[in-house]
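Down below is the structure, laid out as structure tokens.
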Amino acid sequence: MSGIKSSFYLLLRSKEAFVYLSLFADSLSPPVNVTIKALKANSAVVTWDIPEGDSVIGFAITQQKKDVRMLRFIQEVNTTTRSCALWDLEEETDYIVHVQSISMTGTSPLSEPLRFRTPKEAETQASKSKDEVTMEEVGQTTQLRAGELIIIVVVLIMWAGVIALFCRQYDIIKDNEPNNNKDKAKNSSECSTPEHPTGGLLRSKV
């Protein structure tokens, strides 16, 4: 559900107290588990949870630089979202954030203060470049493993072909062995010297 968001700045007259233009709802609890995500040099996202049983129609966020009286007030109604983007932040700057829930009867007390510090722009870019390099390395590793797998499969297929060819040649040689033995025996019988009828050997005249 899309909500109506408004943002403006308030000038505090005292560092110890916040000035708000709305009344606290007696039965509404403040948001819990307020955290910062996607922290960058110039932006961040604040998230929170709503205690069970609270009927909430929107939220209000106060954003203040540390040791600075001016604060930023962000309000959105007709929404059930549990996060809000903070923009136009300054790098290497400390901020304090409070979150309030909005109901039909008013607003909740302030949440516990959330303090965070924005990083340098160079650090953000370095982190982004490192993530890109990591993803590129993962892609290269995947491609390398795929190539190695293809080579292994090709080698196995070649070995299977060589073994099949060897077995075929072995069967052919084995089948031809009886015929070769018969031919050898026949040739040996034909080439033997005939004996003389009287038992002597024939001699040629010189």
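In this chain, residues are counted from 1 in sequence order. No experiment lies behind these values; they were computed from the predicted model shown.
With sequence neighbours excluded, the residues that form a side-chain contact (heavy atoms from CB on, under 4.5 Å) with Val154 are Ile150, Met158. Glu112 is linked by a side-chain contact (heavy atoms from CB on, under 4.5 Å) to nothing, counting only residues two or more places apart in sequence or in another chain. Residues passing the side chain to side chain donor-acceptor pair (under 3.5 Å) test with Thr93: none are found, sequence neighbours excluded. When the side chain to side chain donor-acceptor pair (under 3.5 Å) test is applied to Ser43, no partner is found at least two apart in sequence or on another chain. Remark: Ser55 pairs with no residue by the side-chain contact (heavy atoms from CB on, under 4.5 Å) rule, at least two apart or across chains. Under the side-chain contact (heavy atoms from CB on, under 4.5 Å) criterion, Arg115 pairs with Ile96, Pro113, sequence neighbours left out. Partners of Arg117 according to the salt bridge (charged side-chain N to carboxylate O under 4.0 Å, His left out) rule, which considers only residues two or more places apart in sequence or in another chain, are Asp94.
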*Criterion side chain to side chain contact (heavy atoms under 4.5 Å, CB included) on Phe116 and Leu86, from CA distance to verdict*: CA-CA 12 Å; Phe116 67 93; Leu86 307 178; 4.1 Å; yes
*asked:* side chain to side chain contact (heavy atoms under 4.5 Å, CB included), that's the test. Do Tyr95 and Arg72 meet it? Break it down for me.
replied: CA-CA 11 Å; Tyr95 287 91; Arg72 187 178 196 175; over 6 Å; no
_side chain to side chain contact (heavy atoms under 4.5 Å, CB included) evaluation trace for Leu28 with Thr107_ = CA-CA 7 Å; Leu28 196 60; Thr107 60; 5.7 Å; no
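Residue pairs meeting the salt bridge (charged side-chain N to carboxylate O under 4.0 Å, His left out) criterion with at least one partner in residues 48-62, sequence neighbours excluded, do not occur; the list is empty.
Looking at Gln64, its side chain does come within 3.5 Å of a backbone N or O of Val68 through a donor-acceptor pair. Between the Asn42 side chain and the Asp88 main chain, no donor and acceptor come within less than 3.5 Å of each other. Side chain of Glu76 to main chain of Gly58: no donor-acceptor pair is present (N/O by atom type, distance under 3.5 Å, no hydrogens or angles).
Phe166 forms part of no hydrophobic cluster, judged by ILVMFWY side-chain heavy-atom separations under 4.5 Å. Counting side-chain heavy-atom gaps under 4.5 Å among Ile, Leu, Val, Met, Phe, Trp and Tyr, the cluster of Ile151 also holds Val155, Trp159.
Scanning both residues, Phe73 and Ala60, for their nearest heavy atoms gives CZ-CB, 3.8 Å. Pairing each heavy atom of Pro31 with each of Ser108, the nearest pair is CD-OG, 3.7 Å. The minimum heavy-atom distance linking Ala41 with Glu121 is given by the pair CB-OE1, 3.3 Å. Closest non-hydrogen pair, Pro30 versus Pro109, comes out as CB-O, 3.3 Å.
Contact annotation: the side chain of Leu114 approaches that of Ile36 to within less than 4.5 Å [non-hydrogen atoms, C-beta and beyond]. Between Phe59 and Cys84, some side-chain heavy-atom pair lies under the 4.5 Å cut-off. Residues Glu90 and Thr118 have side chains not in contact (no heavy-atom distance under 4.5 Å, counting atoms from C-beta outward).
Placement of Trp87 and Val99 within a single hydrophobic cluster is found when ILVMFWY residues are connected by side-chain heavy-atom separations under 4.5 Å, directly or transitively. Leu39 and Val97 fall within a single hydrophobic cluster, where Ile, Leu, Val, Met, Phe, Trp and Tyr side chains are chained together by heavy-atom contacts under 4.5 Å.
Each of Thr35, Thr81, Asn33 was evaluated against Thr47; a single residue qualifies, Thr35, per the side chain to side chain donor-acceptor pair (under 3.5 Å) test.
Separation of atoms OG (Ser103) and CD1 (Ile50) is listed at 10.5 Å; rounding is to 0.5 Å.
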